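For reference, the structure is listed below as structure tokens.
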Amino acid sequence: MGMSAKDERCASPTDEEWPEVEKAEKLARGAALKWASGVFYRPEKLEGLGHYRNRETQRNSSIQSRLKSTVQSYLEGVSTGLEQLRSAVQEVQSVCQDMGAARWALLDCADRFQGLQQMRALMAEHVQLASVVQVLPQLFSVHEVFSHTLQLLRGRRLLEAHAELMMMEHLRDDILSQLHLRGLSGAQATVLSYFSGLQELNESLAKQLWGIVGSSLQLVREDPVLFVTAVRIIEREEKIDDTLLLDATFLPPGRPKGWRQKFYHVLQETITAAHFNAVRMDAEGPGLARHLAALQRDIVAELRVVKDLMVQCVPAHYNILSVCTATYHRALSSHLQDILREDLDKQALFLLLEWVLRMYPSPEVMGHPDLLPEVDISSLGPLVSPELVDQTERKYVEKVKASVLEWMQRTLEVEFKEWFREEEPEMDHQGFFQSALPVIVVQMLSENIQVASLITDSLQQKVYNMALEELEAFLGRLREVLVQCGKEHQKDRTVPKHYVPYLLAMLNNNLALSSSIPSLHPNAACREVPASLRAALDKIQKKACQLLLEELLLDLQPLYAQLPSRKWLSGPQLVNSMCEVIDKYTKDFSHVRKPAFTLLLMESELLVASQYLRALMQKKMVCKSKEERGQLCERLLQDATQLRELFCSLGLDRRQQSLEAVFALRELICLKDPALLSLEVLGFITKYPDASDEHISTLLDLRGDISKDVRHLVLEMMAQNPQPLPEGYRPIFSTILVPAPEQPFCLRKAKCA
């Protein structure tokens with residue numbers, strides 16, 4: 001079915017205005033054609049065409065009716081809205097008219113409002129005058145109330161006096177507040193002048209209150225009512241302060257009073273002045289001990305009063321026990337620091353350290369059972385800072401060091417003064433020489449270390465370290481005095497008379513000190529002697545041994561001067577005399593304890609052997625014949641054997657003796673074939689590697705039959721076979737100096753032979 005021209009003309013404007021309608025219509029026609037082609041694609045289906053036409057007609061009619069209904073409801077809503085808008089416009093116009101009328105009415109009444117302002121001012125003045133009339137009786141009675149309040153204060157009727165005082169202050173503050181609000185600041189000076197008596201009353205009341213607070217510890221035991229009255233007055237003033245501070249519009253003069261803080265301040269000042277601001281006491285000796293004992297007694301007694309009585313007289317929020325405890329702690333800390341700044345002796349320093357670190361936190365002071373658990377000292381912090389404690393400990397150690405130094409010096413002087421007595425040193429029950437020196441020194445050091453242990457482990461360790469340092473220095477001074485005494489003795493061997501016994505006593509003292517030093521250590525599990533101290537002890541032992549050996553050598557020297565000689569070859573008289581001297585000294589050595597005795601024996605044997613060899617190397621004798629060499633060998637054998645047996649009988653093993661070098665030397669002398677001398681010398685220097693070519697050359701001179709070629713061969717062999725010193729080797733030849741060869745006489749301007 002095609003559209004007519006009229007329909008096309010009608011559709012054209014719509015299609016141009018709504019292009020979607022044309023698109024939708026085309027889609028609908030396309031969908032209808034697709035549906036119809038699918039349904040009527042066979043001829044027999046055309047029979048149902050009428051049925052389909054009726055059904056679609058009904059559906060279109062239903063859709064059109066629903067559309068008409070929807071459009072109708074929309075049109076009715078639009079009509080209602082237009083009617084309401086029309087009504088609102090009319091009401092707005094009416095309100096505008098009424099507002100204009102009211103504006104003109106207000107403009108007409110503006111002149112009448114000017115007259116009301118004068119009435120308002122009169123009304124305000126009337127209110128002020130009414131207020132003044134109401135307070136006039138009170139104002140007229142102000143001075144009378146002042147006098148009455150002053151009488152109440154003099155009679156210590158503090159609560160009544162404070163009530164009247166508060167009334168007068170309230171009256172004054174109310175007047176000042178009214179003046180402040182009305183901007184009449186100029187009149188405030190007049191009011192303050194009229195109420196000037198309030199300042200005197202306040203000062204008088206405050207003076208009495210602070211006097212009561214200052215004697216509060218006594219009052220709570222004797223008359224707590226007066227103290228409670230003072231606290232009540234202070235609390236009243238605190239409430240007034242809090243109220244005025246919350247109202248920030250006006251703050252009367254003299255506010256806030258802050259009497260609660262003043263209460264704390266006065267209480268703290270009273271405690272400090274009572275115990276810690278006294279006239280300077282004696283910081284040394286018993287004066288300090290009495291002062292600390294008094295502090296201990298008073299602090300405990302007063303804190304017990306605070307805990308048992310004062311706490312019940314003040315509000316809980318005062319925390320009065322904590323405040324008093326902290327006050328005592330701070331004041332005591334400052335007081336002790338002032339004392340510690342003075343130059344104190346060691347007893348005073350010890351007392352202070354003991355009191356601060358031991359006594360103060362103990363059950364005798366802050367840990368007293370009557371104060372627990374309310375008083376917790378751990379919350380107060382240290383009474384004295386760790387830095388000051390360490391500084392005080394160092395001062396104490398320095399004082400102890402000076403005392404120890406003085407005592408040790410005095411002990412040293414007494415010790416060497418006894419050397420010049422006519423008697424030998426005392427013996428112990430075992431027959432060993434000894435003196436009181438090690439006992440005095442160790443006891444003195446041990447006592448100081450033990451005393452320091454009563455304070456802290458750190459102080460004990462400091463004193464222990466100081467003790468070792470001073471002991472080491474003492475040993476150094478002891479060695480110096482020993483050296484000086486040895487020099488004096490060399491000048492006159494009769495002074496001191498018992499020189500050797502006192503040297504032996506010194507060795508025993510050294511052993512006693514060495515065995516006692518580990519007992520000084522604070523830790524029983526660590527008893528090692530420091531290396532430097534061991535070295536100092538070794539130096540003392542070596543010096544004493546050296547002086548003893550020098551004595552032995554001085555007695556042996558005349559005998560060594562006689563060998564080698566042909567007289568010496570003729571008999572054993574010389575070696576017998578040596579044995580007698582050695583035996584005499586070793587009998588003295590028996591008064592020394594075993595370690596030192598063994599050392600002395602070994603060193604004596606080494607001295608005898610080395611001096612024997614040194615005497616042989618002095619080039620005093622050369623064998624002139626084979627028979628004389630035989631006598632020399634026999635003499636060497638007999639001397640070495642006799643000396644060796646002597647030392648063996650004294651307890652020195654052959655393997656520890658240096659006399660074996662004499663036997664080895666004898667083998668060199670007794671060798672019959674000089675051609676084998678190189679091998680013999682090689683064996684000799686292998687056993688004694690410290691023997692130099694000068695030593696060998698000098699010893700070979702004793703034979704008297706060594707040619708230059710043989711000597712050259714031997715020395716060349718030694719140069720080709722240098723011998724290292726084995727570990728633990730005891731040198732013997734390196735201590736022997738070979739005399740320089742004599743230079744042949746030369747004429748002037750002539751060649752030397």
Side-chain angles (χ1 to χ4, degrees), residues 158 206-238 241 257-278 281 290-339 352 355-385:
L158 301 182
K207 183 177 180 181
Q208 293 201 36
L209 290 179
W210 307 141
I212 292 171
V213 173
S215 57
S216 56
L217 290 171
Q218 180 181 355
L219 287 175
V220 294
R221 287 178 287 187
E222 299 175 357
D223 185 14
V225 175
L226 195 58
F227 177 68
V228 172
T229 298
V231 174
R232 290 179 61 186
I233 293 172
I234 291 170
E235 282 302 292
R236 285 179 182 175
E237 292 294 336
E238 281 296 310
D241 284 347
K257 292 183 179 180
W259 278 8
R260 186 187 295 164
Q261 290 301 319
K262 182 67 175 178
F263 168 86
Y264 291 138
H265 181 69
V266 171
L267 185 61
Q268 292 166 355
E269 281 192 339
T270 301
I271 292 173
T272 303
H275 303 290
F276 308 109
N277 290 340
M281 49 77 192
R290 288 193 298 269
H291 179 65
L292 294 177
L295 286 178
Q296 172 188 343
R297 181 182 62 252
D298 295 345
I299 289 174
V300 174
E302 293 179 5
L303 284 179
R304 289 173 64 184
V305 171
V306 174
K307 176 177 177 290
D308 297 335
L309 300 176
M310 188 180 288
V311 168
Q312 304 174 18
C313 299
V314 298
H317 64 266
Y318 270 51
N319 294 322
I320 193 67
L321 181 58
S322 299
V323 170
C324 289
T325 302
T327 300
Y328 279 110
H329 186 79
R330 287 194 300 270
L332 182 59
S333 176
S334 176
H335 181 59
L336 292 177
Q337 289 179 29
D338 292 339
I339 296 176
L352 289 170
W355 205 88
V356 169
L357 301 175
R358 293 292 185 188
M359 184 66 70
Y360 185 70
S362 73
E364 298 184 28
V365 189
M366 284 305 192
H368 197 282
D370 293 344
L371 302 180
L372 299 177
E374 287 82 356
V375 175
D376 182 12
I377 191 174
S378 62
S379 63
L380 300 175
L383 184 61
V384 178
S385 66

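If you're wondering where the values come from, they're calculated on a predicted model, not measured in any experiment.
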Would you say the side chains of Q261 and H265 form a donor-acceptor pair under 3.5 Å? no
From I212 atom CD1 to I233 atom CD1, the distance as rounded to the nearest 0.5 Å: 7.0 Å
Please list all pairs passing the side chain to side chain donor-acceptor pair (under 3.5 Å) test where one or both residues lie in residues 356-367, with sequence neighbours left out. Q296-E364, H329-Y360
Identify each donor-acceptor pair in which a side-chain atom of residues 310-319 lies under 3.5 Å from a protein atom, sequence neighbours left out, and give them as a table.
{"unit_1": "Q312", "atom_1": "NE2", "unit_2": "D308", "atom_2": "O", "d": "2.7"}
{"unit_1": "Y318", "atom_1": "OH", "unit_2": "E235", "atom_2": "OE2", "d": "2.5"}

Do you know the tightest heavy-atom contact between I271 and C324? CD1-SG, 4.4 Å
Tell me, with the steps shown, if T325 and M366 meet side-chain contact (heavy atoms from CB on, under 4.5 Å). CA-CA 9 Å; T325 302; M366 284 305 192; 4.2 Å; yes
Geometric class of the W210/W259 ring pair [parallel <30°, tilted 30-60°, perpendicular >60°]: perpendicular
Side chains of L292 and M359: closer than 4.5 Å at any heavy-atom pair? no
Looking at CD1 of I234 and OG1 of T229, how far apart are the two atoms once the value is rounded to the nearest 0.5 Å? 11.0 Å
Report the C-alpha distance between L209 and F263 in whole Å, list the side-chain angles of each, state the deciding distance to 0.1 Å, and finish with yes or no for side-chain contact (heavy atoms from CB on, under 4.5 Å). CA-CA 9 Å; L209 290 179; F263 168 86; over 6 Å; no
Rounded to the nearest 0.5 angstrom, the CG-CG distance for L217 and D298 is 10.5 Å
Distance from Q208 atom CD to L226 atom CG, nearest 0.5 Å? 8.5 Å
For the student: nearest non-hydrogen atoms of V300 and H368, plus distance: CG1-CD2, 3.7 Å
Hey, are the side chains of T270 and V213 touching, using non-hydrogen atoms and a 4.5 Å cut-off? no
Where the side chain of S334 meets the backbone of R330, is there a donor-acceptor pair that is under 3.5 Å apart? no
If we only count heavy atoms from C-beta on, is the I320 to L267 side-chain gap below 4.5 Å? yes
Taking the side chain as everything from C-beta on, heavy atoms only, tell me whether K307 gets closer than 4.5 Å to V375. no
Do you know the tightest heavy-atom contact between G214 and V266? N-CG1, 4.1 Å
Measure the CG-CG distance between L321 and D376 for me, rounded to the nearest 0.5 Å. 11.0 Å
Test of understanding: with side-chain hydrogen bond (donor to acceptor under 3.5 Å, both in side chains), list the residues that count as partners of K262, not counting sequence neighbours. none
NE2 on H291 to CD1 on I339, rounded to 0.5 Å: 4.5 Å
Could you go step by step and tell me if R260 and D241 meet the side-chain contact (heavy atoms from CB on, under 4.5 Å) rule? CA-CA 11 Å; R260 186 187 295 164; D241 284 347; over 6 Å; no
Given the rule in the side-chain contact (heavy atoms from CB on, under 4.5 Å) test, do V306 and V220 qualify, once you have shown the distances and angles that lead to the verdict? CA-CA 9 Å; V306 174; V220 294; over 6 Å; no
Determine yes or no for a side-chain-to-main-chain donor-acceptor pair under 3.5 angstrom, with T272 supplying the side chain and E269 the backbone. no
Minimum side-chain heavy-atom gap H275-L332 below 4.5 Å: no
